[in-house]
Protein chains: 2
Amino acid sequence: MATMNDVAREAGVSLSTVSYVLSGKRTISEETRLAVQDAIRKLNYSPHSGARALASNRSNVLGLMAPLRADVNVSVVMQFVAAVVTTARTYNQDVLLLTQDDAGGLERVTSQSMVDGLLMMDIEARDPRIPLLAKLRKPAVLIGLPDDPQGLSCVDFDFAGASRTAVRHLVELNHRSIGFIGSPQASLERHATYADRARKGFSEACEAAGVASVLRACEATVPALAEALDALINNDGRTPVTSLVVHNEGLLPLLHEALASRGLRIPEDISVVAIAPEDVALAAARPWTAVSIPAHDIGRAAVEMVMDRLNSDKPVEVRLIVPKLVQRETTSAR
Amino acid sequence: MATMNDVAREAGVSLSTVSYVLSGKRTISEETRLAVQDAIRKLNYSPHSGARALASNRSNVLGLMAPLRADVNVSVVMQFVAAVVTTARTYNQDVLLLTQDDAGGLERVTSQSMVDGLLMMDIEARDPRIPLLAKLRKPAVLIGLPDDPQGLSCVDFDFAGASRTAVRHLVELNHRSIGFIGSPQASLERHATYADRARKGFSEACEAAGVASVLRACEATVPALAEALDALINNDGRTPVTSLVVHNEGLLPLLHEALASRGLRIPEDISVVAIAPEDVALAAARPWTAVSIPAHDIGRAAVEMVMDRLNSDKPVEVRLIVPKLVQRETTSAR
DNA sequence: TCGAAGACCCGAAGCGCTTCGACTGCCCTG
DNA sequence: CAGGGCAGTCGAAGCGCTTCGGGTCTTCGA
């Protein structure tokens, strides 16, 4: 491996000149710059990240703590991660992957100066990692919205707003009784904030509009779905719901069949609005009317926010991504 | 941040002594070792990874190139990644995440000495990244089995064997006509080796056993599944299949309903063997008889193999993980 | 015509660690 | 009792980079 010294010798300049050519932090004449760049190409030089990190106190690596387990929506997580990695590259940063349960991981990678900043996904309402993160004195961004961010930046989809938007859409179509099928009970119990907020938004919007509402948590399995649907359709003897808001990506592929087998046609008998990533909403035979979760945008925003805090000293911010509903084939007026 | 110098001063020893306490590469008296460890605790010292990388030529980071896109089986990928990260930690390594389409990524992270070794997932038969990897002169392990590993280590599940095992099981149950529902056409077209090998093993085993076989590629959507099933059941006028081998995790949640709506009960009318991760096989209302894909074991093996090559100079190896079938409720004798 | 202001480049001092060679006692052997 | 060997420690030389503080040489306005 060629070093900067080799490059300097090859180009007939000093070490520091090469460094300044690379960093652009001082003016260099066109001529020497070209000479240095030639030498770099010729020797196939690339800087040693360790040395650079040592001297500059910057590693060009972001830490990303992601939930690598089955009980979250895997494909959404994947989209986030992909967005984060891709965006990070545009800032010339790489991504170090930490798992949720690696408790000491945050502490370790920062105290060893392995990362310049941290991103944390799958935030719970009172996430125990937040105080840890807060005292690490590294730029950090939470992907999710806890009760108390403790001075950390946050970015997330406005799940409450998404539910409200979905409800508003259905109300405009004259639905007066709306069911909500949400995340699994487990997500609620650990207070994953997206689950809580989507429910809350739904309830509030229904109340505000004066329409009847029923909520069910549901796992992404056929029997769980069956049970939830039966409950919503019976609705304890009250009028059955005429429409559904579904915030559970894993369920969507199962939903069409499940309703069909109950003699319910979409949208003639029942309208459905999904809250899901766009590709999931579009994957169905009959694409879902949906409020799409822009995982990619959120991931990108998260990286932008750490980098802002790293480069300039932009203040901490809390950013909510505005929901947008696209009407497709699964909702109709009543 | 405390440095090693601070520790040395605090403990009243020299810099190098602290280093040797940490690395254990020279004998140190019990007494000074304790003193140093006390100082480390007291100052809350942890070594600067950049400095360490610079001096020791080791970064303690492994690069993992993973397919972060929708057209692979996301949950399997996730399991691999989780296994890799977790196992890496037991070797005191962290994991840097590279995306498949970051072409220069491999080159970059090695030439900048960011990683000690590389893992690459989702290998295609004649993967263009293999020659690149091969000339990087870093320990590397392919998770997958290409036509020509070019001197790189490989580890993968024995998908051909998995199909054979599934077929053997069905043949023992007196099935004489077996259908195969596999990965999407797209996977076949880019020659993802797991798809190819599973198909090949299936065909061979059927031929060897003298039973009729039909193969279909299939995407994980309801309509695609419907089409595939209709084709297998009609079977061009020949006898309909009495059993299925399904190598497509995304399809499993849809399969039960799809068969039921065609009046086919599992296993009375049709037996089904899944080739899928165990948790997927178990997630169904009626757990699938399955050859399980031990994503976790494979991920772990991959890390072990890089670390072996890194620490000792163990030779390159190609390791295939042996398939195991567990009979559950979806197969029965005919 | 002269000093100030740039433009451009170099040298050297670190950054925090690993590791090699050397030094000091001490114990053990012959 | 001399000498070798070993356990235990230290000093110093890097590892490859960034950055600060000068230099030198032009250029330009007064």
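What you see is a predicted model; the values in this text were computed from it and never measured. Proteins get letters first, then strands, A, B, ... in listed order; numbering begins at 1 in each.
Partner of A:Leu118 under the side-chain contact (heavy atoms from CB on, under 4.5 Å) criterion, out of A:Leu64, A:Leu142, A:Val141, A:Leu136: A:Leu136 alone.
Of the possible donor and acceptor atoms, none in the side chain of A:Ser113 sits under 3.5 Å from a partner among the backbone N and O of B:His48. Side chain of A:Lys138 to main chain of A:Thr110: no donor-acceptor pair is present (N/O by atom type, distance under 3.5 Å, no hydrogens or angles).
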Practice task
Mind running side chain to side chain contact (heavy atoms under 4.5 Å, CB included) on A:Met4 and A:Ser19 for me, showing each step along the way?
Solution key: CA-CA 8 Å; A:Met4 210 150 151; A:Ser19 178; 2.9 Å; yes
Handout entry: Full working for side chain to side chain contact (heavy atoms under 4.5 Å, CB included) between B:Asp94 and B:Arg89
Key = CA-CA 6 Å; B:Asp94 274 287; B:Arg89 287 305 307 141; 3.6 Å; yes
Practice task
Carefully, step by step, assess B:Leu62 and B:Val115 under the rule side chain to side chain contact (heavy atoms under 4.5 Å, CB included).
Solution key: CA-CA 5 Å; B:Leu62 297 177; B:Val115 301; 5.9 Å; no
Practice task
Start with the C-alpha gap between A:Met114 and B:Val61, add the side-chain angles, then the distance that decides, and say whether side chain to side chain contact (heavy atoms under 4.5 Å, CB included) holds.
Solution key: CA-CA 10 Å; A:Met114 299 187 76; B:Val61 171; 3.8 Å; yes
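For A:Asp297, the salt bridge (charged side-chain N to carboxylate O under 4.0 Å, His left out) partners are A:Arg300, not counting sequence neighbours. Under the salt bridge (charged side-chain N to carboxylate O under 4.0 Å, His left out) criterion, B:Asp148 pairs with no residue at all, not counting sequence neighbours.
The shortest heavy-atom contact between B:Pro146 and B:Ile123 is CB-CG2, 3.8 Å. The nearest pair of heavy atoms linking A:Ala66 to A:Val81 is CB-CG2, 4.2 Å. In terms of heavy atoms, A:Met1 sits closest to B:Ser111 at SD-O, 3.8 Å.
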Using distance only, find each side-chain donor-acceptor pair of residues 151-159 of chain B under 3.5 Å and give its atom names and separation, not counting sequence neighbours.
residue: B:Ser153; atom: OG; partner: B:Glu317; partner atom: N; Å: 3.3
residue: B:Asp156; atom: OD2; partner: B:Arg197; partner atom: NH2; Å: 2.2
residue: B:Asp158; atom: OD1; partner: B:Ala160; partner atom: N; Å: 3.4
residue: B:Asp158; atom: OD1; partner: B:Gly161; partner atom: N; Å: 2.8

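Of all nucleotides in DNA chain C having an atom under 4.0 Å from a heavy atom of chain B, the first and last in 5' to 3' order are C:dG16 to C:dA22.
The side-chain hydrogen bond (donor to acceptor under 3.5 Å, both in side chains) pairs that include a residue from residues 27-40 of chain A are A:Ser29-A:Thr32, A:Glu30-A:Arg33, A:Asp38-A:Arg41, where partners are two or more places apart or lie in different chains. Counting only residues at least two apart or in different chains, side-chain hydrogen bond (donor to acceptor under 3.5 Å, both in side chains) contacts with residues 117-132 of chain A comprise A:Arg69-A:Asp122, A:Gln100-A:Asp122, A:Gln100-A:Arg129, A:Asp122-A:Arg190, A:Glu124-A:Arg190, A:Asp127-A:Arg129. Within the structure, side-chain hydrogen bond (donor to acceptor under 3.5 Å, both in side chains) pairs that include any residue of residues 52-63 of chain B comprise B:Arg58-B:Asn311, B:Ser59-B:Asp116 (at least two apart or interchain).
Between the side chains of A:Asp101 and A:Thr99, at least one donor N or O sits under 3.5 Å from an acceptor N or O.
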I'd like a table of atom pairs between the protein and nucleotides 24-26 of chain D - only N or O on both sides, under 3.5 Å - with the distance next to each one.
none

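For the contact set between residues 88-96 of chain A and DNA chain C, defined by any heavy atom under 4.0 Å, there are no members. Less than 4.0 Å separates DNA chain C from at least one heavy atom of each of the following residues of residues 36-63 of chain A: A:Leu54, A:Ala55.
At a threshold of 4.0 angstrom between heavy atoms, the contacts of B:Ser19 include nucleobase atoms, whether or not backbone atoms are also involved.
End-to-end axis angle of the helix from C:dT1-D:dA30 to C:dG30-D:dC1, using five pairs per end and rounding to 10°, comes to 40°.
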Problem - Base-contact (B) and sugar-phosphate-only (S) positions in nucleotides 6-11 of chain D, heavy-atom cut-off under 4.0 Å, - elsewhere - result: -SSBBB
